[in-house]
**Q** 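One structure, pasted below without further comment.
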Amino acid sequence: MDRSTLNYYSQNALKVAERYESADVRQLHDFLSSNLKPGGKVLELGCGSGRDAAFMVSQGFKVLATDGCASMVQQANLHHPELGAHLLHLELPDGLSNGLGVFDGIYAIAVLMHLSVQEIEKTILGVNSLLAAKGRFIFSVPARRDEVMTNTFDSKGRRFTALSPDGWTDLCLKYNLQLVRTMISEDGLGRDGVAWMNCLAQKL
């Protein structure tokens with residue numbers, strides 16, 4: 001992930017974490033918990049405030065929650081102290097090669113969009129290498145984001161890579177993951193012009 005994107009989250013970690021905690025993500029949480037192996041070992045990429053990891057732990061999953069921004073890891077620990085032993089600072093994509101183990105499921109909510117296409121490919125390759133047989137990968141990316149029309153940086157300095165649904169399908173297949181389900185959801189923060197595509201892929 002490029003420095004300007006990480007710098008934004010480092011400099012605004014408290015504000016970002018509070019915003020994440022305020023989002024209505026019940027639909028997302030149902031999608032996560034119902035599509036991953038009950039009680040399974042799961043890896044989160046880009047945990048932010050720890051909101052989703054805390055939910056998954058409460059549902060009986062064994063979670064390792066990671067984020068590329070050390071300040072966000074600190075916020076996750078502050079907002080959800082129960083995650084202390086489950087948190088790790090890990091930058092994408094290179095951190096996926098650090099012997100993390102094997103996981104029944106991996107999920108990345110609103111994070112792949114901040115990577116370049118080359119970094120996305122390397123991340124998906126890493127995800128495949130960490131998944132158990134028939135393991136599942138869930139990721140959430142913008143289906144609509146009106147203020148970012150092309151592959152560019154927004155006014156806050158964050159990278160946004162825009163791929164079509166077919167583009168995401170093709171990238172997954174390239175690295176032995178088959179997209180088996182998608183769900184479009186409205187923005188949990190109620191922002192106009194923002195919608196999300198939630199994708200479920202399975203290791204072939």
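Quick note: residue numbers are just sequence positions, from 1.
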**Q** Which heavy atom of S71 sits nearest to which heavy atom of A13, and what is that distance?
**A**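 Of all heavy-atom pairs spanning S71 and A13, the closest is CB-CB, 3.7 Å.
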**Q** Can F137 and C199 be said to form a side chain to side chain contact (heavy atoms under 4.5 Å, CB included), step by step?
**A** CA-CA 8 Å; F137 178 41; C199 303; over 6 Å; no
**Q** When rounded to the nearest 0.5 angstrom, what distance separates NZ in K203 from CZ in R136?
**A** 14.5 Å
**Q** Output the distance between atom CG (D67) and atom CE (M1), rounded to the nearest 0.5 Å.
**A** 7.5 Å
**Q** With a sphere of 6.0 Å drawn around CZ of R26, does it hold more than 12 non-hydrogen atoms of other residues, nucleotides or ligands?
**A**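 Open.
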**Q** Report the distance from atom CG of L83 to atom CG of L88, rounding to the nearest 0.5 Å.
**A**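 So the gap between those two atoms works out to 12.5 Å.
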**Q** Less than 3.5 Å apart, any donor N or O on the side chain of S164 or D166 sitting next to an acceptor on the other?
**A**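 The criterion, which ignores hydrogens and geometry beyond distance, is not satisfied for D166 and S164.
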**Q** I want to check something: taking the side chain as every heavy atom from C-beta on, are L64 and H86 in contact at a cut-off of under 4.5 Å?
**A**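 Not touching, per the 4.5 Å side-chain cut-off.
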**Q** Between A54 and H80, what is the shortest heavy-atom contact and its length?
**A** CB-ND1, 3.4 Å
**Q** So do L90 and L96 actually touch side chain to side chain, heavy atoms under 4.5 Å?
**A** yes
**Q** Please check if atom CD in E186 has more than 12 non-hydrogen atoms from other residues, nucleotides or ligands closer than 6.0 Å.
**A**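 No, the 6.0 Å shell around CD holds no more than 12 heavy atoms from other groups.
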**Q** Quick one: do E18 and H79 satisfy side chain to side chain contact (heavy atoms under 4.5 Å, CB included)? Show the steps, please.
**A** CA-CA 9 Å; E18 290 176 344; H79 281 84; 4.2 Å; yes
**Q** Identify the heavy atoms of S140 and N198 that sit nearest to each other, and give their distance.
**A**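 For S140 and N198, the tightest heavy-atom pair comes out as OG-OD1, 3.1 Å.
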**Q** Over all heavy atoms of both residues, which pair between Q178 and L173 is shortest? Give the atoms and the distance, please.
**A**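 Distance-wise, the nearest heavy atoms are CA-CD2, 4.2 Å.
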**Q** Hey, mind stepping through R51 and L28 against side chain to side chain contact (heavy atoms under 4.5 Å, CB included) and telling me if it holds?
**A** CA-CA 11 Å; R51 176 196 69 197; L28 169 66; 4.2 Å; yes
**Q** Measure the CE-CG distance between M72 and L6 for me, rounded to the nearest 0.5 Å.
**A**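 It is 11.5 Å, given to the nearest 0.5 Å.
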**Q** Does H29 reach the side chain of Q59, with side-chain heavy atoms less than 4.5 Å apart?
**A** no
**Q** Less than 4.5 Å apart, side chain to side chain, heavy atoms only: is that true for V63 and Y107?
**A** yes
**Q** Test salt bridge (Lys or Arg N to Asp or Glu O under 4.0 Å) on K122 and D94; report intermediate values, then the result.
**A** CA-CA 8 Å; K122 191 171 181 180; D94 295 335; 2.7 Å; yes
**Q** Do side-chain atoms of S58 reach the backbone of F55 as a donor and acceptor pair under 3.5 angstrom?
**A** yes
**Q** State, yes or no, whether a side-chain contact exists between L131 and L177 at a heavy-atom distance under 4.5 Å.
**A** yes
**Q** Determine, stepwise, if the pair E44 / M56 fulfils side chain to side chain contact (heavy atoms under 4.5 Å, CB included).
**A** CA-CA 10 Å; E44 179 174 10; M56 295 296 279; over 6 Å; no
**Q** How far does CG of N77 sit from CD of E82, to the nearest 0.5 angstrom?
**A**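 N77 atom CG to E82 atom CD measures 9.5 Å (nearest 0.5 Å).
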**Q** Are V73 and L45 linked, directly or through intermediate hydrophobic residues, by side-chain heavy-atom contacts shorter than 4.5 Å (ILVMFWY only)?
**A**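 Not linked; separate clusters.
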**Q** I124, L200: one ILVMFWY side-chain cluster at the under-4.5 Å cut-off?
**A**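 Different clusters.
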**Q** With a 3.5 Å distance limit and no angle check, can you tell me whether N12 reaches the backbone of V16 through a side-chain donor-acceptor pair?
**A**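 Such a contact is absent between N12 side chain and V16 backbone.
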**Q** Using the rule that Ile, Leu, Val, Met, Phe, Trp and Tyr join whenever any side-chain heavy atoms are under 4.5 Å apart, tell me whether I109 and W196 fall into a single cluster.
**A** no
**Q** Starting from I138, can I reach L163 by hopping between I/L/V/M/F/W/Y residues whose side chains sit under 4.5 Å apart?
**A**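 As far as the 4.5 Å side-chain criterion goes, I138 and L163 are not connected within one cluster.
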**Q** If I compare all heavy atoms of D2 with all of G157, which pair ends up nearest, and what's the gap?
**A** OD1-O, 4.5 Å
**Q** Below 4.5 Å, heavy atoms only, C-beta onward: do L112 and W168 meet side chain to side chain?
**A**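 With C-beta onward as the side chain, the pair touches.
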**Q** What closest approach, in Å, do C47 and A65 show between heavy atoms, and which atom pair accounts for it?
**A**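 Result for this residue pair: CB-CB, 3.8 Å.
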**Q** Could you state whether V117 and V111 fall into the same hydrophobic cluster, counting links through intermediate Ile, Leu, Val, Met, Phe, Trp or Tyr residues with side-chain heavy atoms under 4.5 angstrom apart?
**A**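 Yes; V111 is reachable from V117 via cluster members.
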**Q** What distance separates L115 CG from I120 CD1, expressed to the nearest 0.5 Å?
**A**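 So the CG of L115 and the CD1 of I120 are separated by 5.5 Å.
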**Q** Please determine, by modelled atom types, if H114 and Y9 share a side-chain donor-acceptor pair under 3.5 angstrom.
**A**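 Yes, because at least one side-chain N or O of H114 sits under 3.5 Å from a partner of the opposite role on Y9.
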**Q** Is T161 close to E119 at the side-chain level, that is, under 4.5 Å between some pair of heavy atoms?
**A**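 When only atoms from C-beta onward are counted, T161 and E119 do not touch, as no gap falls below 4.5 Å.
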**Q** Tell me if the NZ atom of K41 is crowded by more than 12 foreign heavy atoms within 6.0 Å.
**A**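 Check passes, neighbour count above 12.
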**Q** Are any non-hydrogen side-chain atoms of E21 and Q75 less than 4.5 angstrom apart?
**A** no
